[in-house]
There are 2 protein chains.
Amino acid sequence: MSNSKLYKGSLTTIILKLLNESDKMYGYEITQKVKELTKGELKITEGALYPALHKLEAQGLLDVEVKKVDNRLRKYYKITESGEKETSNKLNELANYIATMQALVNPKFSLE
Amino acid sequence: MSNSKLYKGSLTTIILKLLNESDKMYGYEITQKVKELTKGELKITEGALYPALHKLEAQGLLDVEVKKVDNRLRKYYKITESGEKETSNKLNELANYIATMQALVNPKFSLE
DNA sequence: AAATATACATAATTTTCTTATGCATAATAA
DNA sequence: TTATTATGCATAAGAAAATTATGTATATTT
């Protein structure tokens, strides 16, 4: 993730959320989708993305399937059942974090 | 910062924002204020806080003044002029980050 | 023919945290 | 009265999660 420098820790949430919504995606596709959805605000770097995908796979949150398309390899990732649960956890954490930061930074929002 | 695990990079923004609002604060006071404002959601650890304060001071964003109160030392931090500018930058970045994440994670929010 | 896009991967480094430890005084609880 | 908790600062070791720099390879566009 570049062009934001901020708030490391959200990449996993982004990956899980995108894969939770689509049947399957491959790495490069994820980088393009994020660029599109954020109007270029967020650019996921490969150095961050691929290790993150490998870790999620190792944790059993994603399954992988390799396919050859146009003579090039693609590794399609698909969310598992426990990945779906973790997605929900991560999204809750994110919502909670945003609420917390707004309470801190914007006096108008107070918690509870 | 503990009890949240989330989103490294926000501590500096929090410190600057709090100091931008009050005349001066000391480290321990900041930890208590954050705990109070977030209803215990966010607990800033000393291991994160003090190095962060030292760095902000070294960058010229904060000034420091040592006082002895009740026979104990307190290091009061006060925001500088360039600290005020940086606060505004950081708050914009935060607002931008939140908008970006909502666009990614919540289909209802789209950028622009 | 050269540059850009597609597609994956890893290593070195940096940033920013957590955890652990250390020192010291004041206030409260057992 | 003694032990614990609170107040107050600090740093070192380690972990986590990025950035930056490479590397390989094919396809497409300029």
Side-chain angles (χ1 to χ4, degrees), chain A residues 1-16 24-36 40-59 61-62 64-77 90 93-94 97 100-101, chain B residues 1-16 24-36 40 42-59 62 64-77 90 93-94 97 100-101:
Chain A
M1 208 157 29
S2 99
N3 273 18
S4 75
K5 289 181 296 176
L6 278 182
Y7 314 116
K8 305 180 180 194
S10 40
L11 179 57
T12 295
T13 307
I14 293 170
I15 294 172
L16 286 175
K24 60 183 185 326
M25 291 180 89
Y26 57 99
Y28 187 76
E29 187 183 8
I30 292 174
T31 67
Q32 299 309 300
K33 186 71 179 177
V34 168
K35 210 191 285 181
E36 175 205 329
E41 271 295 312
L42 231 62
K43 284 169 190 155
I44 294 184
T45 61
E46 303 109 309
L49 177 66
Y50 292 114
L53 286 171
H54 300 161
K55 189 178 178 187
L56 290 170
E57 190 198 342
Q59 291 172 332
L61 305 180
L62 301 182
V64 69
E65 186 193 350
V66 181
K67 276 194 185 172
K68 197 159 206 171
V69 179
D70 289 330
N71 205 34
R72 270 188 303 225
L73 280 189
R74 283 183 187 170
K75 288 181 76 172
Y76 279 98
Y77 290 92
K90 288 287 187 185
E93 273 179 31
L94 176 62
Y97 167 78
T100 298
M101 287 303 288
Chain B
M1 208 159 30
S2 97
N3 273 16
S4 75
K5 291 181 293 176
L6 278 181
Y7 312 124
K8 307 184 178 189
S10 39
L11 179 56
T12 296
T13 307
I14 293 170
I15 294 172
L16 287 174
K24 59 184 184 332
M25 292 180 87
Y26 56 99
Y28 187 75
E29 187 183 7
I30 292 174
T31 68
Q32 300 309 300
K33 186 70 178 175
V34 168
K35 209 193 283 180
E36 175 205 330
L42 232 61
K43 284 169 190 154
I44 294 183
T45 61
E46 304 108 309
L49 177 66
Y50 292 113
L53 286 172
H54 300 160
K55 188 177 180 189
L56 290 170
E57 191 199 341
Q59 290 172 331
L62 301 182
V64 69
E65 186 194 349
V66 180
K67 278 195 181 170
K68 197 161 205 168
V69 180
D70 289 331
N71 205 33
R72 271 188 300 225
L73 281 187
R74 284 184 187 169
K75 289 182 74 172
Y76 279 98
Y77 290 92
K90 288 285 187 186
E93 273 180 31
L94 175 61
Y97 167 79
T100 299
M101 286 304 288

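Chain naming here is simple, since letters A, B, ... match the order of the sequence lines and numbering starts at 1 in each.
- For the pair B:Tyr77 and B:Glu57, the minimum side-chain heavy-atom distance is below 4.5 Å.
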message: side-chain contact (heavy atoms from CB on, under 4.5 Å) for A:Ile14 and A:Ile30? Distances and angles first, verdict last.
response: CA-CA 9 Å; A:Ile14 293 170; A:Ile30 292 174; 5.6 Å; no
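- Here B:Lys68 lies out of heavy-atom contact (under 4.0 Å) with every strand.
- Whole-Å rounding puts the A:Leu73 CG to D:dT26 C1' distance at 10 Å.
- Proximity of B:Tyr26 to the phosphate of D:dG8: a side-chain N or O atom is located under 4.0 Å from OP1 or OP2.
- Between the CD1 atom of A:Ile15 and the C1' atom of D:dA18 there is a distance of 12 Å, rounded to whole Å.
- Going from atom CD1 of A:Ile30 over to atom C1' of C:dA7 covers 13 Å, rounded to whole Å.
- Nearest to the side chain of B:Lys75, among D:dA17, D:dA10, D:dA18, sits D:dA10.
- Checking D:dT11, C:dC8, C:dT19 against every side-chain atom of B:Thr45, the shortest atom distance belongs to C:dT19.
- Here the C1' atom of nucleotide C:dT19 and the CD1 atom of B:Ile44 are 16 Å apart, to the nearest Å.
- The distance from the CD atom of B:Glu93 to the OG1 atom of B:Thr13 is 7.0 Å, given to the nearest 0.5 Å.
- In this structure, B:Glu65 CD and B:Tyr26 OH are separated by 14.0 Å, a value rounded to the nearest 0.5 Å.
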Table of protein N/O atoms under 3.5 Å from nucleotides 13-15 of chain D N/O atoms:
none

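- Comparing D:dG8, C:dA7, C:dT16 against the side chain of A:Tyr50 picks out C:dA7 as the nearest.
- The residue among B:Gln32 and A:Thr12 whose nearest nucleotide of DNA chain D is located toward the 5' end is B:Gln32.
- By the 4.5 Å heavy-atom criterion applied to side chains, B:Gln32 and B:Lys35 are counted as neighbours.
- For the pair B:Lys43 NZ and C:dT19 P, the computed distance is 12 Å after rounding to whole Å.
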- prompt: Yes or no on side-chain contact (heavy atoms from CB on, under 4.5 Å) for B:Leu73 and B:Lys67, after CA distance, side-chain angles and deciding distance?
  reply: CA-CA 6 Å; B:Leu73 281 187; B:Lys67 278 195 181 170; over 6 Å; no
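- Distance B:Leu62 CG to D:dC9 P: 13 Å, rounded to the nearest Å.
- Distances shorter than 4.0 Å separate some side-chain N or O of B:His54 from OP1 or OP2 on D:dT11.
- Interatomic distance, A:Leu42 CG to B:Tyr97 OH, rounded to the nearest 0.5 Å: 8.5 Å.
- Distances from the side chain of A:Glu46 to the nucleotides C:dA9, C:dC17, D:dA10 place C:dA9 closest.
- Within 4.0 Å of B:Lys67, counting heavy atoms only, lies no atom of the nucleic acid at all.
- Rounded to a whole Å, the NZ atom of B:Lys55 is 17 Å from the C1' atom of D:dT11.
- The CG atom of A:Leu49 sits 15.5 Å away from the NZ atom of A:Lys43 when rounded to the nearest 0.5 Å.
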Would you tabulate the nitrogen or oxygen pairs shorter than 3.5 Å linking the protein to nucleotides 27-30 of chain D?
from: D:dA27; atom 1: OP1; to: A:Asn71; atom 2: ND2; distance (Å): 3.3
from: D:dA27; atom 1: O4'; to: A:Arg72; atom 2: NH1; distance (Å): 3.0

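- Atom CD in B:Glu65 sits about 16 Å away from atom C1' in D:dC9, given to the nearest Å.
- Take A:Glu46 and apply the side-chain contact (heavy atoms from CB on, under 4.5 Å) test, not counting sequence neighbours, and it matches A:Tyr50.
- Taking A:Lys55 as the reference, A:Gln59 meet the side-chain contact (heavy atoms from CB on, under 4.5 Å) condition, with sequence neighbours excluded.
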